[in-house]
Number of protein chains: 2
Amino acid sequence: MPPARMTPALLAIVADRFKAFAEPARLQVLYALRSGELSVSELVEATGLGQANLSKHLQVLHAAGVVSRRKDGLFSYYALADGDVLKLCDLVCGRLDRETKQRQKALAR
Amino acid sequence: MPPARMTPALLAIVADRFKAFAEPARLQVLYALRSGELSVSELVEATGLGQANLSKHLQVLHAAGVVSRRKDGLFSYYALADGDVLKLCDLVCGRLDRETKQRQKALAR
DNA sequence: CCGATACATTCCGATACACGCATCCACTGC
DNA sequence: GCAGTGGATGCGTGTATCGGAATGTATCGG
């Protein structure tokens, strides 16, 4: 059950949350983190993104509470904050799968 | 289980999908449609958005497959395309609730 | 202390997007 | 056909944001 009343402030917060996912680069990062925490340089290699750019995206994801940061000496290790993160992605991907299948069916007739 | 391989094209599609939710105005529309389908003018009144602006947001939501359109004479009726839509919002809202509660707990100590 | 490494931050140009205004299009009723 | 209503679309403007280059900051080894 969602909040009965949606204040503008709440709407903005929810929107920001979604905005964190609304970027191919950031989704790429999230999928790279599926298998476990990675350092920034490992993420650079895994995603092909530039280091500065990636770092900024990580700040966004962290500010949105999507990923967690753990510092160890020179390295920063990032990880998915929560199982719900992938649940969200999979919900969207699942819908996509169903839709493309439906479209293929429609084309096949 | 999500697709094993995330191609750039797929990432872009998923990102666009999330982008549809990543705007306070559009979230407002979705919440207004919780109770059932509405015409554009009804949505104008329900949300306080300008007609032109609202119309554009509706195009975005429709293109993303989030809402359905039904034309009846002069009127266009929009409705949530699918129960998953609200599931998505509630997933995010639920996380928010838990986090704010945790934060309050932390402040209360 | 000095250089090197791993990230973060700032500055910049280019693009994208939201919103309002005006206009255009589709349909209805006279 | 004509006027009126409900929606959609095009244009202009301000703002946000992505991405890269350069710079700054913190930590480790020597």
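In what follows, every heavy atom counts, from backbone to side chain, and hydrogens, waters and symmetry copies are set aside. Chain letters run A, B, ... following the sequence lines, proteins first and then strands; every chain starts at 1.
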When you measure from every atom of DNA chain C, which of [range] have a heavy atom less than 4.0 Å away?
| range | value |
| --- | --- |
| residues 68-77 of chain A | A/Arg69, A/Leu74, A/Phe75, A/Ser76 |
| residues 41-50 of chain A | A/Ser41 |
| residues 51-58 of chain A | A/Gln51, A/Ala52, A/Ser55, A/Lys56 |

What residues form a side-chain contact (heavy atoms from CB on, under 4.5 Å) with [X], not counting sequence neighbours?
| X | answer |
| --- | --- |
| A/Ala81 | none |
| A/Asp16 | A/Lys19 |
| A/Ile13 | B/Leu96 |
| A/Ala63 | none |

| task | Please name the pair of heavy atoms, one in B/Ala20 and one in B/Arg26, separated by the smallest distance, quoted to 0.1 Å. | result |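 Between these two residues, the closest heavy atoms are O-NE, 2.8 Å.
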
I'd like to check [X] versus [Y] (side-chain heavy atoms, cut-off strictly below 4.5 Å). Are they in contact?
| X | Y | answer |
| --- | --- | --- |
| A/Val85 | A/Val67 | no |
| A/Tyr31 | A/Gln28 | no |
| A/Gln51 | A/Ser55 | yes |

Under 4.5 Å side-chain linkage, directly or through intermediates, the cluster mates of A/Val60: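 Answer for A/Val60: none, a lone residue.
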
Which value, rounded to the nearest 0.5 Å, describes the distance between A/Leu27 atom CG and B/Leu11 atom CG?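 It is 6.0 Å, given to the nearest 0.5 Å.
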
Query raised in the report: Within the pair A/Ser39 and C/dC7, is there a side-chain N or O less than 4.0 Å away from OP1 or OP2?
Result: yes

>> Whether B/Tyr78 contacts D/dA8 is assessed here as follows: a side-chain N or O lying under 4.0 Å from the phosphate OP1 or OP2. Is that the case?
In response: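 Checking D/dA8 against B/Tyr78, a side-chain N or O does come within under 4.0 Å of OP1 or OP2.
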
N/O donor-acceptor pairs under 3.5 Å from side chains in residues 36-46 of chain A, not counting sequence neighbours:
{"unit_1": "A/Glu37", "atom_1": "OE1", "unit_2": "A/Arg70", "atom_2": "NE", "d": "3.3"}
{"unit_1": "A/Glu37", "atom_1": "OE2", "unit_2": "A/Arg70", "atom_2": "NE", "d": "3.4"}
{"unit_1": "A/Glu37", "atom_1": "OE2", "unit_2": "A/Arg70", "atom_2": "NH2", "d": "2.5"}
{"unit_1": "A/Ser39", "atom_1": "OG", "unit_2": "A/Glu42", "atom_2": "N", "d": "3.3"}
{"unit_1": "A/Ser39", "atom_1": "OG", "unit_2": "A/Glu42", "atom_2": "OE1", "d": "3.2"}
{"unit_1": "A/Glu42", "atom_1": "OE1", "unit_2": "A/Ser39", "atom_2": "N", "d": "2.7"}

For B/Asn53, the side-chain hydrogen bond (donor to acceptor under 3.5 Å, both in side chains) test, sequence neighbours excluded, returns B/His57

Of B/Asp16 and A/Gln59, the one whose nearest nucleotide on DNA chain C sits closer to the 5' end is A/Gln59

Nucleotide C/dA6, atom P - distance to CG of A/Leu38 in whole Å
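Taking atom P of C/dA6 as the reference, CG of A/Leu38 is at 15 Å.
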
*Using whole Å, report how far CD of A/Glu23 lies from P of C/dC17.*
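Distance, rounded to whole Å: 9 Å.
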
Sorted by chain and residue number, the ring pair (Phe, Tyr, Trp, His ring centres under 6.0 Å) partners of B/Phe21 (sequence neighbours excluded) come out as A/Phe18

Any stem touching DNA chain D, meaning at least three consecutive Watson-Crick or G-U pairs under 3.5 Å, ordered by first number, would be C:1-30 with D:1-30

